[in-house]
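Sequential numbering from 1 along the given sequence is applied to the chain's residues. From a predicted model like this one, the values you see are computed outputs, not experimental measurements.
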Amino acid sequence: MLPDEYFMDIALSLAEEAADDGEIPVGAVVVSRNRIIGKGRNQTEQLGDVTAHAEILALTAAAQYLGGKYLTDCTLYVTLEPCVMCAGALYWAQLGRLVVGAPDPKRGHSRVSPSLLHPKTRIETGILADESQALLTKFFRGLRT
């Protein structure tokens, strides 16, 4: 079994690609049985689509791979806490496990109570959080200069 840091590092690489394209640096991977079955990085600017978040794109790819909409045996690794839209999608996918890098105190789903995630979704936070936060800080600092 590969450690959570292994998959989060791949999500971080996707977030870096997003930043290079002028997108908010968020990356996500969906894993099933130790294998990546879906990837995504923010593409809202590139696609002109407010729903083109890393999580949504990764979920779509995973569902297509599996041939079904439920991801009960899957883990989503994402560099930034999902927003309420993405949490809703994770709920409907019945995601088995969510692993989050950096928290999002302004727009993250955890600001809403009760939880927007499916009751069976297990959550792990803080995996490569410092690296995820540093990438976000660098990106937004660059926008201000």
Side-chain angles (χ1 to χ4, degrees), residues 1-19 23-141 143-144:
M1 195 80 173
L2 294 168
D4 288 336
E5 291 80 7
Y6 174 83
F7 294 110
M8 188 61 80
D9 193 52
I10 294 169
L12 271 168
S13 294
L14 291 165
E16 289 170 356
E17 289 177 19
E23 301 278 356
I24 295 174
V26 179
V29 295
V30 177
V31 175
S32 177
R33 296 187 176 115
N34 229 26
R35 179 183 197 156
I36 295 173
I37 62 168
K39 295 183 198 179
R41 59 184 180 82
N42 273 3
Q43 294 184 7
T44 60
E45 300 299 327
Q46 182 180 4
L47 298 178
D49 179 355
V50 297
T51 69
H53 289 200
E55 302 94 312
I56 300 294
L57 298 173
L59 288 177
T60 300
Q64 288 174 346
Y65 178 88
L66 293 174
K69 61 185 176 179
Y70 297 117
L71 304 177
T72 56
D73 296 325
C74 298
T75 299
L76 174 72
Y77 294 85
V78 62
T79 59
L80 181 65
E81 176 186 343
C83 69
V84 296
M85 175 185 70
C86 292
L90 297 175
Y91 177 93
W92 291 111
Q94 299 180 16
L95 183 71
R97 184 168 175 250
L98 172 64
V99 179
V100 176
D104 188 350
K106 292 183 180 178
R107 294 185 181 91
H109 73 88
S110 63
R111 293 184 42 156
V112 177
S113 182
S115 176
L116 297 173
L117 298 174
H118 195 276
K120 293 183 180 178
T121 300
R122 298 178 323 277
I123 304 168
E124 177 87 26
T125 60
I127 304 298
L128 299 185
D130 292 341
E131 294 85 343
S132 296
Q133 188 61 55
L135 185 57
L136 288 158
T137 299
K138 179 183 174 187
F139 177 80
F140 285 112
R141 192 173 287 143
L143 288 180
R144 288 186 213 111

For [range], which residue pairs qualify under ring pair (Phe, Tyr, Trp, His ring centres under 6.0 Å), counting only residues two or more places apart or in two chains?
{"range": "residues 89-113", "result": "Tyr91-His118"}
{"range": "residues 26-55", "result": "none"}
{"range": "residues 25-52", "result": "none"}

Donor-acceptor pairs are to be reported for all side-chain atoms of residues 56-77 against protein atoms at under 3.5 Å, with residues two or more places apart or in another chain.
from, atom 1, to, atom 2, distance (Å)
Thr60, OG1, Ile56, O, 2.9
Tyr77, OH, Asp4, OD1, 2.7

Where the side chain of Asn42 meets the backbone of Pro25, is there a donor-acceptor pair that is under 3.5 Å apart? no

Which atom pairs, donor and acceptor, lie under 3.5 Å between side-chain atoms of residues 5-16 and protein residues at least two apart or in another chain?
from, atom 1, to, atom 2, distance (Å)
Ser13, OG, Asp9, O, 3.3

Just to verify, what does Val112 make a side chain to side chain contact (heavy atoms under 4.5 Å, CB included) with, not counting sequence neighbours? Val84, Leu116

Taken in chain and number order and not counting sequence neighbours, the residues that satisfy side chain to side chain contact (heavy atoms under 4.5 Å, CB included) with Thr137 are Gln133, Arg141

What's the separation between atom CE in Met85 and atom CG in Leu90, rounded to the nearest 0.5 Å? 10.0 Å

Who are the side-chain hydrogen bond (donor to acceptor under 3.5 Å, both in side chains) partners of [X], not counting sequence neighbours?
{"X": "Glu23", "result": "Thr44"}
{"X": "Thr121", "result": "none"}
{"X": "Thr51", "result": "Asp49"}
{"X": "Ser110", "result": "Glu81"}

Nearest heavy-atom contact between Pro82 and Ala87 is CB-N, 4.3 Å

Contacts satisfying salt bridge (Lys or Arg N to Asp or Glu O under 4.0 Å) that involve residues 101-128 (not counting sequence neighbours) are none

